[in-house]
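Reviewing the structure listed below.
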Amino acid sequence: METERIAIEGMHCANCSALIQKMVRRMEGVQECDVNLAANNGTVTYDSSVTGMPQIIQTIVDLGYGATVIPKENRAAFDQERRQREEAQRKHDMRLFVMSLVLTILVMVVCMTPLGMTLTMPLANAVFGPGHTHEQMMLVMNVVCMVLTIPIQFVAGLRFYRGAWGALKAGSANMDTLVAVGTTIAFVYSLYVTFSPTTAGTMAPFETSAMLITFVQLGKMLEARAKGRAGAAVEELMSLAPKIAHVRRNGTVEDVPTDELRVGDVVEVRPGEKIPVDGVVVEGSSSVDESMLTGEPMPQEKRAGSEVTGATINGNGAFVVRATKVGAESTLSRIVDMVEKAQGSRPQIQQLADRIAAVFVPAILLVGLATFLAWLAYAAATGGVSAASFEKALMSGVSVIVVACPCALGLATPTAVMVGTGKGAEQGILIKDGDALQRAGKIQKVVFDKTGTITQGMPMVVGVACGSEASEEDVVRFAAALERGSEHPLARAILMYASEKDVAVPQNMVSDFKAVAGKGVTGRVDGELFGFGNELLVQEMCGTGLPSWCKEFSQTGAGAHATTMYLVFASFGVAGAIAAADSPKPTSAEGVRALQDMGCDVYLLTGDARAAAENVAAEVGIPANNVMAEVLPDQKAARVAELLDPGHEKLVAMVGDGINDTPALATADIGIAMSAGSDAALEVGQVVLMHDDVRDVARSIALSKVTMRKIRQNFAWALGYNLLLVPLAAFGILPPELSSACMALSSVSVVTNSLLLRV
């Protein structure tokens, strides 16, 4: 199975996106197709051994829409070309609108004002002579209006006929169908009034179809402009990447477009420039502003061996980078891709709009026909059908067809999702799909991993104790020798402490190194087995508990509020203990308090000793009875599962660093990864907090609630609009021209409401 994203042009309403989805899903080999009206794109998952993208693209084109595969590479060139096409289309639409507006004003002047007769009098005199009759004068005026209306109906309105024809070929109907049917009925009736002997001397209502098309054009232009603003977040993200890189090739430095960079290219980064690629510094040093990625305002020092990320900003120094990730694999590209996928995803609430859209247009056409027939029946029952009553019946039916707006329903959810995920991305909150955005607002329990999530992840040694068999220096040396092969934060703390104390640690002191999950590490020196770890490791290696001096050290002084690890020799037991403390992040207490103010229960989950865990919990405001301590890594998922609500009404979020917390993140209703933009964080969790800030958990919940509130407001407006105005049109209260203005503004109002989203 393969998944591709497609740029789609020419969609006007929810029925357009539903039609494309239906026809592509019918294709053999297509597993899924989701189309986003607001983003003008779609995602297709298909079996490439059965069908291919050319066939899928052709299916969409046959429906009357433009379709192009969005490439994974060279996105800048594709997006520039797409923007150029969209700009050309906007200019074309503007020209058509100006033409329609000018001609519509002229039609209205001729049809609806005394000035019309004055303006057409010379033409009537030329055709019929100065002694022409009133009927002849009306014929001239009607013909003038007809000539002025034809370009509006069949040039400016051609897009609606094309869209309606494409839908008809697929056995469906859409907004284009409503506009095409409504305006055609009005235009044909005007022709009848113009040339029928029975209506001689009557002014034909050409202004009706002219105003309908002009108002709909205006609405579509405003809607397109608003939709463009809704997708501005992706544009801003993509604009962060520099366009040119200074690449060393063949002994010279060449300026190369960043899209053409290859893994292994050596790139010069000059003072003040944006770094063009993810890579490793091989020469020079400087400070780099990584705030766009991590939210950290202080520049980070970079030197040989340091990793750098594309689109971050170099300071005053200069350095050389070897590219490790380019194109679609770069961090920025993956973030952009994640945001685009989220904006194009369909939350469950969208299913309501899909079900309504499936029957909306056919139902409105039937209501319009019923309105026409009802007015005729009323006229027949109250004195007979006259030309005036027939026109009233016809115009009421047209008003019903024109006032109905499936666009507002189709835009209600995707525009809010686009704006919501875009606002999140601006704040470093990446929400991977619409379902996660919808469900995050229901979070009632939040479980935090401790190390690196609540705390800074940089523990410091705060105390060392030793038994009679070893000195303090020996304890530090042996512990550091074992931890040299470990990636745990405590290992870094002990190695740093050894360096500060000038304790010499031989490189090859330990053999048979082994990490024991949830307990510590073991190894051999001169054939003797020893280990460094927690109380569980002591019990495993010695079969006994801690000696009294270890208990005293871990419960008093420096060890009382720290994590204590023990140096154990299999031959005689515990030789020493090292206590290390990891302080909470400055924002953790505020973040926990914000969640509690929202009504969330906050939990702390860690493998550390209970005393150390409860101390951290107390500092940030987590109740002691919500602390789950001394939990082995393979038990974390089970502890999260215990908190889950069987009814899934009160959801549980797990917040971790995206690597060792993976099972727990997957078990929770919502997995939230905090890892400052690491590869693991981009893969794990439904929500990624790029700024590594505990406060962003509450912000993500607030974002979900605000977005869902906007979606509900949009639905209320879209449904309320149709439920109110369709009956008004049916009862003849809304004339067709006013109906078209209402329809044009309804979808614009939905998009505008979404744009007003604030967090």
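Atoms considered below: every heavy atom in the structure, side chains included; atoms not considered: hydrogens, waters and symmetry mates.
Taking both residues in full, the closest heavy atoms of A67 and I60 are given as CB-CG2, 3.8 Å, listed atom of the first, atom of the second, then distance. In plain terms, the two heavy atoms of Q21 and V35 that are nearest each other are OE1-N, 2.9 Å. Nearest heavy atom pair, residue I8 against residue G42, reads CD1-N, 4.1 Å. Taking both residues in full, the closest heavy atoms of A180 and F160 are given as CB-O, 4.1 Å, listed atom of the first, atom of the second, then distance. Smallest separation of non-hydrogen atoms from P205 and E391: CG-OE2, 3.9 Å. Taking both residues in full, the closest heavy atoms of V726 and I364 are given as CG2-CD1, 4.2 Å, listed atom of the first, atom of the second, then distance.
Taking 4.5 Å as the limit, every side-chain heavy atom of N714 sits out of range of all side-chain heavy atoms of T413. Side-chain contact between L96 and V155 is present, with at least one heavy-atom pair separated by less than 4.5 Å. With contacts defined as side-chain heavy-atom distances shorter than 4.5 Å, the pair K710/L756 qualifies. Residues K220 and D93 fail the side-chain proximity criterion, which asks for heavy atoms closer than 4.5 Å. Between I152 and S209, the closest side-chain pair of non-hydrogen atoms is not below 4.5 Å. Taking the side chain as every heavy atom from C-beta outward, Q89 and E9 never approach each other to under 4.5 Å. Contact annotation: the side chain of L365 approaches that of I401 to within less than 4.5 Å [non-hydrogen atoms, C-beta and beyond]. R162 places none of its side-chain heavy atoms less than 4.5 Å from the side chain of D176.
T707 contributes atom OG1, which lies 11.0 Å from atom CD1 of I349 (distance to the nearest 0.5 angstrom). Within the model, atoms CE of M53 and CD1 of I6 stand 3.5 Å from one another, a figure rounded to the nearest 0.5 Å. Distance check: K91 NZ to R95 CZ gives 8.0 Å after rounding to the nearest 0.5 Å. Distance check: Q686 CD to L437 CG gives 11.5 Å after rounding to the nearest 0.5 Å. Taken from OG1 in T202 to CG in N142, the straight-line distance is 8.5 Å, to the nearest 0.5 Å. In this structure, CD1 in I733 is found 11.0 Å from OG in S739, a value given to the nearest 0.5 Å.
Taking the six-membered ring where the residue is Trp, the centroids of Y192 and F390 are separated by 6.0 Å or more.
A donor-acceptor pair is defined here as one N or O able to donate and one able to accept, closer than 3.5 Å; no such pair exists between the side chain of S196 and the backbone of V193. Without hydrogens or angle criteria, S389 side chain to V385 main chain gives no donor-acceptor distance under 3.5 Å. For the pair K392 (side chain) and G732 (backbone), a donor-acceptor distance under 3.5 Å is present. T199 places no side-chain N or O within donor-acceptor distance of the main-chain N or O of F195, the cut-off being under 3.5 Å. With hydrogens and angles ignored, the 3.5 Å screen pairs no side-chain donor or acceptor of T120 with any backbone N or O of L123. Remark: side-chain polar atoms of T51 are not paired, donor with acceptor, to backbone N or O of D47 under 3.5 angstrom. Side-chain N or O atoms of T68 include none that pairs as donor or acceptor with a backbone N or O of A7 at under 3.5 Å. Looking only at distances, a side-chain donor or acceptor of K169 sits under 3.5 Å from a matching main-chain atom of D62. With hydrogens and angles disregarded, no donor-acceptor distance shorter than 3.5 Å links the side chain of Q153 to the backbone of I150.
In this structure, Y378 places its OH atom where only 12 or fewer heavy-atom neighbours from other residues, nucleotides or ligands lie under 6.0 Å away. Other residues, nucleotides and ligands contribute over 12 non-hydrogen atoms within 6.0 Å of the CZ atom of R82. Open room surrounds NZ on K442; 12 or fewer heavy atoms of other groups in view lie less than 6.0 Å from it. Crowding of F154 atom CZ: a count of heavy atoms from other residues, nucleotides or ligands under 6.0 Å exceeding 12. Within 6.0 Å of atom CD in Q84, more than 12 heavy atoms from other residues, nucleotides or ligands are found, so the atom counts as buried in its surroundings.
Here R85 pairs with E81 in a salt bridge; the nearest charged N to carboxylate O distance falls below 4.0 Å. Salt bridge R83/E86: absent, no basic N to carboxylate O contact under 4.0 Å. With respect to K432 and D337, no salt bridge is recorded, no charged nitrogen being found less than 4.0 Å from a carboxylate O.
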Evaluate the criterion side-chain contact (heavy atoms from CB on, under 4.5 Å) for residue pair E2 and T45; output intermediate values, then yes/no. CA-CA 6 Å; E2 295 187 18; T45 302; over 6 Å; no
The test is side-chain contact (heavy atoms from CB on, under 4.5 Å); show your working for S190 and T149 and say whether it passes. CA-CA 10 Å; S190 298; T149 304; over 6 Å; no
Taking it one step at a time, do F206 and T194 satisfy side-chain contact (heavy atoms from CB on, under 4.5 Å)? CA-CA 10 Å; F206 281 106; T194 299; 3.2 Å; yes
Test Q348 against D435 for side-chain contact (heavy atoms from CB on, under 4.5 Å), laying out the working first. CA-CA 6 Å; Q348 292 182 357; D435 276 338; 3.3 Å; yes
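Side chains of T184 and Y161: a donor-acceptor N/O pair is present below 3.5 angstrom, by distance only.
W717 and Y721 have tilted rings, their planes meeting at an angle from 30° to 60° on a 0 to 90° scale.
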